There are 2 protein chains.
Amino acid sequence: MQKNNVQTDRPLKPLLLGLAGYGTVGSGLARILDENREAIRRRAGRDIRIKSVLVRDPSRPRQYPLPEGASFCTEMSCLYDDPELDVVVELIGGVVNAGEVIRRSLLAGKHVVTANKALLAEDGKDLFQLAAEKGLYLGYEASVCGGIPVVQTLRESLAANRIVTLSGILNGTCNYILSSMTSKGMSFDAALKEAQDQGFAEADPTLDIEGFDAAHKLALLIRLAWGIHYPFKDLPVSGISRVAAEDIQFAREFGYNIKLLGYAQMEGDTLDAGVFPFLVPNSYLLAKVGYSYNAVRIEGNAVGSVFLHGRGAGDMPTGSAVAADILAIARGDQPNNLGFCGAELPAAKIRPPKESRSRYYFRLQVQDKPGVMRDVAAILAENNISIHQALQKGLTDVVPLMFMTHLAKTRDVENALASIAACGFTRAEPVYYRVLPQPNESD
Amino acid sequence: MQKNNVQTDRPLKPLLLGLAGYGTVGSGLARILDENREAIRRRAGRDIRIKSVLVRDPSRPRQYPLPEGASFCTEMSCLYDDPELDVVVELIGGVVNAGEVIRRSLLAGKHVVTANKALLAEDGKDLFQLAAEKGLYLGYEASVCGGIPVVQTLRESLAANRIVTLSGILNGTCNYILSSMTSKGMSFDAALKEAQDQGFAEADPTLDIEGFDAAHKLALLIRLAWGIHYPFKDLPVSGISRVAAEDIQFAREFGYNIKLLGYAQMEGDTLDAGVFPFLVPNSYLLAKVGYSYNAVRIEGNAVGSVFLHGRGAGDMPTGSAVAADILAIARGDQPNNLGFCGAELPAAKIRPPKESRSRYYFRLQVQDKPGVMRDVAAILAENNISIHQALQKGLTDVVPLMFMTHLAKTRDVENALASIAACGFTRAEPVYYRVLPQPNESD
């Protein structure tokens with residue numbers, strides 16, 4: 001590919017793109033390249049044009065018209081076999097076909113840009129190796145938190161840091177539902193229904209609400225932050241479908257908002273990570289992220305905390321991130337796909353989830369009779385769990401009993417809750433969530 | 001300079017740095033390069049070492065010891081005349097000597113990294129041109145908001161956007177003072193004194209509290225966002241030294257926090273920009289930025305809003321940003337200093353400050369007698385100022401009268417306030433501040 005050299009006035013040939021897929025993000029990208037043509041030319045020093053768009057059915061109506069000079073094709077080879085194309089942009093999603101498009105495009109010597117988090121989290125290793133062997137760009141800014149520049153920030157801006165923790169609101173659907181539950185006191189089911197009606201949740205919301213989409217993004221963030229490979233299937237994942245309106249209410253009384261976080265913390269050389277509902281102190285900016293917004297908080301040993309917030313999805317925000325990678329290619333930047341040198345990343349040294357330590361909130365539904373608090377307190381003490389705050393509510397026969405603990409091992413919490421359940425005075429399965437520690441100032 | 005190629009296992013020679021200055025940021029950089037040596041080597045594919053450090057007095061005690069293998073020197077030429085040095089890092093501040101170090105280093109073919117906002121805002125044009133002619137890196141991530149990756153975000157991550165507005169809390173000293181005034185009800189003088197005692201304000205705080213430091217950063221952000229040159233001396237600047245505790249209190253009653261913002265908005269091809277105290281709606285994340293933190297909110301036509309928050313100063317956060325630029329050089333990235341192609345940036349088309357339109361808050365101290373509100377309302381109407389909210393307080397002879405307006409021209413506001421003052425019932429000079437419009441959701 002021709003190198004961009006900002007020193008010459010000699011016009012560079014346009015950068016030609018082939019798109020796989022022309023749905024939401026593809027349309028957004030086409031619109032951005034149209035509407036911001038002049039601005040992009042000033043930035044990149046050349047034109048960027050879509051030449052071919054791979055779709056299943058060219059006759060289907062589209063959200064945005066095909067740009068001038070571009071044409072639909074229906075065979076994958078129209079992308080990787082076209083010697084004119086500089087970049088293939090993979091936007092079909094899924095794992096099998098998308099992987100095939102990317103692999104063949106890299107083999108054909110084309111740079112690749114993708115928004116496909118599932119593929120890169122589950123199957124990224126080989127593709128990154130192939131891109132490295134070929135010296136090609138495999139851009140994926142759009143695959144994590146849409147328009148928020150978190151890939152670039154971890155890979156480049158914070159490159160001199162050892163990352164201590166990262167925590168993020170990585171899924172807009174979950175955040176929309178939790179925000180509705182918090183601000184309107186809705187049940188999970190009602191909030192999900194509203195999110196579906198508003199277009200913020202899919203008809204089948206499983207991938208989102210059970211935390212798997214956030215986990216895909218977390219796996220990529222871990223790779224970017226620490227240069228290690230954490231097998232996606234080993235990530236502990238817990239979604240929001242069992243979060244009750246009353247836990248949201250009680251959390252607020254303690255000064256917290258419940259958020260689904262992708263969370264990772266490095267202690268020594270051992271990583272503690274997962275996707276869980278967390279009680280986030282109200283003083284955190286993370287607690288204030290509303291509705292469909294995404295946000296990531298990164299703590300580096302030099303930079304302190306950095307907090308990034310923006311639109312995590314949508315045609316234009318995600319298209320903006322795809323276009324940023326394309327512009328880097330147009331400028332002739334060196335590929336820096338993983339952010340770490342070397343052909344292969346080492347495996348993460350993972351703290352077994354049951355050994356993970358966190359502050360915890362839990363809620364028991366107990367019979368309101370003498371001795372219950374004594375028995376519960378005794379069981380917690382036996383399991384090395386120190387109570388930070390306790391709250392008992394209500395005047396009925398069965399009352400909720402809430403605790404906030406100091407740091408405790410997950411195994412100890414689970415054992416304690418099992419022992420409490422065995423006492424016979426609980427009237428529902430105990431609920432427990434992790435709690436983020438209080439930050440300094442606003443953080 | 002040797003290019004980094006992540007494909008080979010051949011070790012690259014270390015990247016050698018010369019530092020001009022060894023104060024807070026220089027010490028932070030040295031500490032980061034020491035403490036994160038392994039992490040940086042994995043990222044950059046090579047070692048990064050400090051060889052020479054230009055100081056006035058080598059015998060002075062230092063915050064961090066000189067790294068192994070480095071030595072002090074006292075002549076500027078030890079930097080630009082040393083053929084071994086790859087990068088000169090300018091951290092002496094000020095304009096004259098710093099400009100000399102940078103110019104001579106670029107002329108000698110060395111990449112330059114600097115944290116010097118004053119120099120680049122007031123005198124940056126020639127230096128950027130020289131760097132462009134020579135094909136060299138002139139990195140300045142550290143010059144705006146310390147550890148927050150705002151330079152990289154504007155230049156690269158949002159490169160496919162047309163930027164609509166940007167607004168930022170660009171000065172930690174001012175934000176510290178305003179935060180103290182807000183949370184503790186302190187006067188400006190008391191809050192300044194506290195900030196000085198805590199090390200968050202200089203003994204001579206003029207540059208910070210009068211808004212000039214924020215204006216330097218704003219000039220750089222404007223260049224990055226729109227690729228235009230806004231002469232620093234033409235930027236309207238208003239600081240916080242006249243912000244009264246009562247305005248902070250009244251703003252809160254209206255649902256706003258007062259923040260000093262660097263603000264710029266593009267309308268058509270005309271830029272409206274300046275540094276002013278603003279009333280920021282509480283629902284904005286910007287309103288929640290506490291104490292010495294910095295934050296920038298950028299709105300792009302594709303990405304929507306992106307909000308970045310972190311430490312704006314300090315040895316390690318600023319050192320982290322300096323190191324990010326050095327790592328980009330170590331990786332062999334193409335220089336992309338301005339983010340726009342072409343040898344020279346066009347001049348900004350500037351909306352005359354008096355033609356600027358904003359919502360406004362103002363406070364009058366008036367005699368509590370019949371007809372005052374009628375007269376004030378008449379004058380506002382004559383000047384095309386539409387009232388959004390009004391509030392009168394107190395039972396004494398002289399009472400504060402507050403207004404929030406709809407969009408109004410600055411000239412009209414100033415004329416109206418002059419006419420009101422001429423009526424004879426005001427008992428103090430009117431106070432007026434701009435008001436940010438309400439955002440959507442949390443933003």
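What you are looking at is a predicted structure, and each value in this text was computed from that prediction instead of being measured. Throughout, protein chains are lettered first and strands after them, A, B, ... in sequence-line order, and every chain is numbered starting at 1.
- Proximity to chain B involves both the backbone and the side chain of A:Ala159, based on heavy atoms less than 4.5 angstrom apart.
- Rounding to the nearest 0.5 angstrom, the gap separating the SG atom in A:Cys341 from the CZ atom in B:Arg46 is 10.0 Å.
- A donor-acceptor pair is defined here as one N or O able to donate and one able to accept, closer than 3.5 Å; such a pair exists between the side chain of A:Arg42 and the backbone of B:Trp226.
- With respect to A:Glu156, the side-chain contact (heavy atoms from CB on, under 4.5 Å) criterion is satisfied by exactly one of B:Glu141, B:Gln152, B:Arg43: B:Gln152.
- With a 4.5 angstrom heavy-atom cutoff, A:Leu327 touches chain B only via side-chain atoms.
- Both the backbone and the side chain of A:Asn301 come within less than 4.5 Å of a heavy atom in chain B.
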The test is side chain to side chain contact (heavy atoms under 4.5 Å, CB included); show your working for A:Arg331 and B:Asn336 and say whether it passes. CA-CA 8 Å; A:Arg331 287 193 309 265; B:Asn336 180 30; 3.5 Å; yes

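- When every heavy atom of B:Asp333 is checked against every heavy atom of A:Gln334, the shortest pair comes out as OD1-CB, 4.1 Å.
- Expressed to the nearest 0.5 Å, how far NE2 of A:His309 lies from OG of B:Ser305 amounts to 6.5 Å.
- Between chain A and the options B:Leu308, B:Leu158, B:Ile148, B:Ile298, the largest number of non-hydrogen pairs under 4.5 Å is found for B:Leu308.
- At a threshold of 4.5 Å between non-hydrogen side-chain atoms, the residues A:Lys288 and B:Leu285 count as touching.
- For B:Arg162 (side chain) and A:Glu35 (main-chain N/O), a donor-acceptor pair under 3.5 Å exists by modelled atom type.
- Contact tally against chain B (heavy-atom pairs below 4.5 Å) for A:Ser157, A:Gly314, A:Gly310: the top residue is A:Ser157.
- Between chain B and the options A:Gly28, A:Gly300, A:Pro317, heavy-atom pairs under 4.5 Å are most frequent for A:Pro317.
- Between chain A and the residues B:Ser320, B:Ser179, B:Ala323, the most heavy-atom pairs under 4.5 angstrom are made by B:Ser320.
- Each of A:Ala321, A:Pro149, A:Gly319 has some count of heavy-atom pairs under 4.5 Å with chain B, and the biggest count is that of A:Pro149.
- Chosen from A:Gly147, A:Ala39, A:Ala324, A:Ala160, the residue pairing most often with chain B at heavy-atom distances under 4.5 Å is A:Ala160.
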